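Encoded as structure tokens, the structure appears first; notes follow it.
Computed from a predicted structure; not experimentally measured. Letters go in sequence order (proteins before strands), and every chain restarts at 1. Atom set for the values below is all heavy atoms of this structure, side chains included, hydrogens, waters and symmetry mates excluded.
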There are 2 protein chains.
Amino acid sequence: MRKDGIATREKILDGARDLVLKLGYSGMKVDHVLEHVGITKGAFFHHFKTKDELAKALLRRYASEDALIYAETRAQAEKLSDDPLQQILIFIRLFEDMFSEMTEPYPGCLLASYVYELQQFDDETRSLLHETFARWRTLLQEKFTLIIERYPPKNPVSASQLADGFTVVLEGAFILAKAMNDARMATEQLRLYRNYIELLFAAPEQMRAAA
Amino acid sequence: MRKDGIATREKILDGARDLVLKLGYSGMKVDHVLEHVGITKGAFFHHFKTKDELAKALLRRYASEDALIYAETRAQAEKLSDDPLQQILIFIRLFEDMFSEMTEPYPGCLLASYVYELQQFDDETRSLLHETFARWRTLLQEKFTLIIERYPPKNPVSASQLADGFTVVLEGAFILAKAMNDARMATEQLRLYRNYIELLFAAPEQMRAAA
DNA sequence: ATATTTCCGGACCGTTTGGTCTGTTTAGTG
DNA sequence: CACTAAACAGACCAAACGGTCCGGAAATAT
């Protein structure tokens with residue numbers, strides 16, 4: 001086995017992510033990572049000065065990976081329709097499809113894992129969490145702003161609340177999926193969320209049942 | 001200060017709950033509890049053989065406390081209306097009111113905290129988590145079953161999914177509330193969930209904007 | 001009043017844990 | 001090939017941690 005610095009660094013990050021989602025950050029000990037990845041202390045602390053530095057790197061990596069998925073899915077939705085409402089509905093459905101193929105519960109969201117140990121982390125990490133969630137909000141908020149202008153909602157709602165709703169449903173579904181060991185939870189709850197958007201903005205005349 | 005066994009035991013449980021919600025279970029060290037509660041190791045391990053036993057006691061306590069709140073709120077809703085749909089809507093609104101008075105984000109759900117460290121716990125604790133969430137589902141599922149029979153939903157939905165939706169929104173809102181430091185998150189997202197139920201079951205003619 | 005049990009303080013202990021240090025191997029470079 | 005720097009292995013360490021133990025104080029029973 002050849003020595004490849006960036007490769008082992010990636011392996012550490014991947015392994016640590018898996019373990020954090022299973023055990024929480026404090027529950028994940030560095031020795032666990034060493035065993036899981038198949039390296040030694042020397043290798044680990046060569047790539048990360050401290051465990052907390054790994055935590056930050058993990059967070060940044062997850063946030064950027066996730067931003068990529070969001071951006072790609074959004075681009076895909078925008079390619080399939082010019083209407084902002086349809087774009088959102090497609091966007092949600094694409095996420096449904098992502099989770100529908102899974103056979104076991106989604107391992108969870110790293111950010112949520114951090115949130116429930118929030119006081120463990122320093123200000124930098126906390127603001128990084130804040131910014132990431134804020135970015136997710138902004139992404140969908142823009143669409144919902146357009147939608148609200150074009151289609152009068154049946155209830156008084158704000159674009160930011162609807163945008164947060166997506167994240168809320170996802171995060172909540174992840175928790176219930178793990179607790180109930182139900183892999184379909186995320187797909188089902190996203191479908192309910194999509195139904196809500198449909199009902200909220202659909203013209204009273206043309207209300208039709210969704211597939 | 002007099003010696004009161006059950007009182008200190010309660011103080012330990014209360015303090016531990018606060019700390020778990022801030023630091024996670026693994027992040028909460030027993031020394032933290034000792035300092036936070038103002039006792040010593042002797043007192044702690046007199047009431048709890050191990051830290052894991054505290055974890056289980058904590059879980060049982062939280063689950064029963066929560067079951068009480070659910071039952072009371074449900075009873076209150078049933079007192080205010082005979083119609084299952086109205087009962088659910090009142091039920092949700094009562095929860096909205098509970099969180100609306102808070103000035104800082106709800107500290108979170110202990111069960112969710114456990115879920116993100118699930119592999120830390122033994123089978124007994126895990127099944128306890130499972131049962132508790134299942135109980136919450138059943139509670140609302142009964143109502144939604146009646147509602148679906150009486151009012152044709154505009155989309156094909158199952159009672160259990162709608163019931164899970166409530167928990168999903170709550171759990172997701174707690175996470176976002178902490179991450180964004182927004183105390184109104186839970187209230188706002190519950191309102192969206194209530195709007196969804198209204199739109200889903202409202203007769204097309206009598207659809208009116210909610211307050 | 002005495003005995004007994006519960007409750008608790010705090011020193012102590014073995015293990016775990018994050019992190020260090022030294023030496024060795026591998027990859028790149030002239 | 002010689003040299004350098006990055007990439008590791010693994011023994012080692014100090015602090016933190018969960019848990020034990022025993023003495024004593026406070027409540028309760030007799």
### Summary
Across all chains, not counting sequence neighbours, the salt bridge (charged side-chain N to carboxylate O under 4.0 Å, His left out) partners of A:Glu53 are none
### Message
Given D:dC8, C:dC8, D:dG19, identify the nucleotide with an atom nearest to the side chain of A:Ala43.
### Response
D:dC8
### Query
Within a radius of less than 6.0 Å around CG of B:Leu68, do more than 12 heavy atoms belonging to other residues, nucleotides or ligands occur?
yes
### Query
Can you tell me how far P of C:dG10 sits from CD of B:Glu35, to the nearest Å?
14 Å
### Message
Please report the distance, rounded to the nearest Å, between CE in B:Met28 and P in D:dC17.
### Response
12 Å
### Message
Rounded to whole Å, how long is the line connecting atom CZ of A:Phe44 with atom P of C:dT17?
### Response
14 Å
### Summary
The nucleotide from C:dC8, D:dG18, C:dG19 with an atom nearest the side chain of A:Phe45 is C:dG19
### Message
If I take atom CG in residue A:Leu34 and atom C1' in nucleotide C:dG18, what distance separates them, rounded to the nearest angstrom?
### Response
11 Å
### Task
Would you mind telling me which of C:dG9, D:dG18, C:dG18 lies closest to the side-chain atoms of A:Val30?
C:dG18
### Query
Are the aromatic rings of A:Tyr196 and A:Phe166 close, with centres under 6.0 Å apart?
no
### Donor-acceptor contact below 3.5 Å, side chain A:Tyr116 vs main chain B:Cys109
yes
## Note on the structure
The single option from A:Leu110, A:Leu59, A:Val33 that satisfies side-chain contact (heavy atoms from CB on, under 4.5 Å) with A:Val20 is A:Leu110
### Summary
Looking only at D:dG18, D:dA9, C:dG19, the nucleotide nearest the A:Thr40 side chain is D:dA9
#### Entry: Contact nearer the 5' end of DNA chain C, comparing A:Ser26 with B:Arg9
B:Arg9
#### Entry: Nucleotide nearest B:Ile39 when distance is taken to its side chain, options C:dG10, C:dG9, D:dA11
C:dG9
#### Entry: Distance under 6.0 Å and angle within 45° of ring axis: B:Lys178 vs A:Phe133
no
### Task
Under 4.0 Å between any heavy atoms, over every strand shown, what does A:Lys29 touch: base, sugar-phosphate, or nothing? Just pick one.
sugar-phosphate
### Query
ring pair (Phe, Tyr, Trp, His ring centres under 6.0 Å) with A:Phe45: which residues, sequence neighbours excluded?
none
### Message
From CD1 of B:Ile6 over to P of C:dT5, roughly how many Å is that when rounded to an integer?
### Response
21 Å
### Distance, rounded to the nearest Å, where B:Tyr25 contributes OH and D:dG18 contributes C1'
10 Å
#### Entry: Nucleic acid contacts of residues 46-55 of chain B, taken as heavy-atom distances under 4.0 Å to DNA chain C
B:His46, B:His47
